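This report concerns only the one structure given below.
Worth saying up front: this structure is predicted, and the values here are computed from it rather than measured. To find a chain, count down the sequence lines: A is the first, B the second, and so on, and within it residues start at 1.
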Number of protein chains: 2
Amino acid sequence: MQSDCKLCPFNTRATSMLSEESFGQLSDNHLELKFKKGDTIIKQGMFSTNVVFLRRGLAKIHLNGPYHEQIVRLVKAPTYLGLPTTFGDKVNQYSVTAVTETEVCYIDVHIFQKILNENREFSNEIIIELCQNELESFRRCANRTQKQIRGNMADVLIEFAEKIFQSDSFTLPVSQSELANLVDTSRESVSRVLGEFDKDGLISLEGKRIEILNKKSLRLISQNG
Amino acid sequence: MQSDCKLCPFNTRATSMLSEESFGQLSDNHLELKFKKGDTIIKQGMFSTNVVFLRRGLAKIHLNGPYHEQIVRLVKAPTYLGLPTTFGDKVNQYSVTAVTETEVCYIDVHIFQKILNENREFSNEIIIELCQNELESFRRCANRTQKQIRGNMADVLIEFAEKIFQSDSFTLPVSQSELANLVDTSRESVSRVLGEFDKDGLISLEGKRIEILNKKSLRLISQNG
DNA sequence: TAATTATTGTGATGCATATCACAAAATAAT
DNA sequence: ATTATTTTGTGATATGCATCACAATAATTA
């Protein structure tokens with residue numbers, strides 16, 4: 001219930017297709033919230049009544065697996081977080097936690113539904129986003145189970161560089177044990193593999209600071225599993 | 001370019017919301033095809049220009065992984081097959097192959113897009129379907145990597161019984177090596193685990209014929225990994 | 001600045017399961 | 001029917017990686 005959504009600097013390609021009227025409805029029916037690192041944005045098992053839009057920051061989507069947490073993926077603003085849950089199920093099937101400081105908008109489902117109905121272009125964009133996510137899920141699923149640790153670690157590093165930070169040097173946004181949950185391995189293995197990559201000159205590793213030195217070789221490792 | 005879609009006995013909840021006019025457009029712009037067991041319906045890597053609707057039969061969605069085929073899941077009619085690809089990407093990111101004799105409709109993307117735009121209820125249903133699939137992907141992803149073989153095998157058997165055949169006794173629609181690709185394990189392990197389940201009285205196994213005798217215990221195994 | 005607490009590095013050990021190897025059935029082809 | 005081919009069962013062996021254990025370092029908090 002705050003600022004004018006039309007003026008929001010975090011508008012996406014999808015929202016740019018909204019009508020004046022829809023923007024007004026959005027502005028009147030959303031709630032802006034800030035989260036600190038580690039805060040829970042969406043909690044698995046809780047009832048879901050809002051569409052959640054991550055407008056600034058980094059978040060992790062994770063599941064409370066039978067044994068340990070599993071991080072499904074890291075997502076970067078701008079993106080919708082609660083879509084699959086809000087439309088597919090009433091109860092959140094996963095948790096979302098802030099990895100950096102984060103800004104989030106909560107939008108009432110009914111209003112969002114109404115806006116979807118009244119804006120064809122917008123709903124098309126949403127369908128496309130969902131489709132792309134599903135394809136991405138397929139890819140992940142296939143990779144993680146078939147490759148082995150070095151391959152998956154290589155993938156994650158490349159993904160960080162290309163999708164999240166858009167730079168070959170970055171600071172790991174998560175601890176090694178979180179990285180382990182993301183790659184489906186143990187904390188110890190993450191440490192060992194990062195050490196190997198460093199020793200072999202594929203990356204330079206200084207604390208949480210990483211620079212990718214040989215992306216070609218990393219890609220090769222990714223392919224060979 | 002054949003029968004009247006409105007009279008198709010395989011209409012779904014989504015299609016039931018189409019207007020007369022849209023049904024007409026569908027009827028004039030779709031192609032019905034039959035496939036035999038083992039035939040390729042969608043081929044990974046090929047250009048995609050159609051939405052594909054599986055109206056009868058069973059199909060497997062699979063990826064050409066780096067080493068061996070990975071079956072992402074078995075799907076049962078009625079369902080859309082090519083949606084994520086057609087909207088998320090121009091190139092098929094996965095293959096779909098007929099597991100039983102199968103009937104499929106190919107619908108031109110542009111017509112489908114048009115119908116989506118002109119039928120709110122329909123496009124809402126499609127969004128819901130996509131969301132549910134994404135949640136399902138999450139669940140699978142989490143399970144397969146965290147549980148171990150016996151757990152995943154138990155899951156697949158329960159899924160076959162409940163989602164695919166709606167009966168506790170059924171004939172396995174795929175070979176053990178395909179089952180292995182679905183569960184992410186080796187053919188030998190599938191054979192061993194099925195043998196164990198049989199010996200322990202959880203299922204009765206006669207060739208490809210399976211009857212689930214103790215679903216409760218299977219569920220327990222599924223949870224303990 | 002000291003004291004706690006969380007994170008990371010690294011060896012030693014164990015285990016689940018892949019892989020190999022080959023026989024036995026079952027299916028399909030001739 | 002007979003042969004060829006695919007599918008299945010089962011032991012023996014190999015191995016990638018989790019787990020355990022503990023030291024070293026870094027990051028918080030007092």
Out of [options], which nucleotide sits closest to the side chain of [X]?
{"X": "Leu205(B)", "options": "dT17(C), dC17(D), dG9(D)", "result": "dG9(D)"}
{"X": "Ser175(B)", "options": "dC17(D), dT8(D), dT17(C)", "result": "dT8(D)"}
{"X": "Ser189(B)", "options": "dG16(D), dA18(C), dT19(D)", "result": "dA18(C)"}

Looking only at side-chain N and O atoms, does [X] come under 4.0 Å of OP1 or OP2 in [N]?
{"X": "Gln176(B)", "N": "dG9(D)", "value": "yes"}
{"X": "Thr185(B)", "N": "dA18(C)", "value": "yes"}
{"X": "Lys208(A)", "N": "dT8(C)", "value": "yes"}

Between [N] ([atom2]) and [X] ([atom1]): distance, integer Å:
{"X": "Glu188(A)", "N": "dA24(D)", "atom1": "CD", "atom2": "P", "value": "17 Å"}
{"X": "Leu179(B)", "N": "dG9(D)", "atom1": "CG", "atom2": "P", "value": "11 Å"}
{"X": "Asp184(A)", "N": "dA18(D)", "atom1": "CG", "atom2": "P", "value": "9 Å"}
{"X": "Gln148(A)", "N": "dT19(C)", "atom1": "CD", "atom2": "C1'", "value": "13 Å"}
{"X": "Glu206(A)", "N": "dT7(C)", "atom1": "CD", "atom2": "P", "value": "21 Å"}
{"X": "Glu196(B)", "N": "dG11(D)", "atom1": "CD", "atom2": "P", "value": "12 Å"}
{"X": "Phe197(A)", "N": "dT8(C)", "atom1": "CZ", "atom2": "C1'", "value": "17 Å"}
{"X": "Arg209(A)", "N": "dA26(D)", "atom1": "CZ", "atom2": "P", "value": "17 Å"}

Ion pair present between Glu101(A) and Lys36(A), side-chain N to carboxylate O less than 4.0 angstrom?
->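 A salt bridge is absent here (no side-chain N lies under 4.0 Å from a carboxylate O).
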
NZ/NE/NH1/NH2 to OD/OE distance under 4.0 Å, Arg140(A) and Glu159(A) |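 Salt bridge between Arg140(A) and Glu159(A), a charged N being under 4.0 Å from a carboxylate O: yes.
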
No-hydrogen, no-angle side-chain donor-acceptor test under 3.5 Å, His30(B) and Glu32(B) =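 The criterion, which ignores hydrogens and geometry beyond distance, is satisfied for Glu32(B) and His30(B).
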
Could one point to a donor on the side chain of Arg192(A) or the base of dG11(C) with an acceptor on the other under 3.5 Å away?
->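 Between dG11(C) and Arg192(A), which were checked side chain against base, a qualifying N/O pair under 3.5 Å is present.
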
Has the side chain of Arg187(B) got a donor or acceptor that lies under 3.5 Å from a partner of the other kind on the base of dT6(D)?
->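 For Arg187(B), whose side chain was compared with the base of dT6(D), there is no donor-acceptor pair (under 3.5 Å).
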
Does the side chain of Phe138(B) reach to within under 4.5 Å of the side chain of Arg73(A), using non-hydrogen atoms?
->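 Contact flag for Phe138(B)/Arg73(A) side chains = yes.
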
What orientation do Phe53(A) and Tyr80(A) show, parallel under 30°, tilted 30 to 60°, or perpendicular over 60°?
->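 Phe53(A) and Tyr80(A): tilted rings.
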
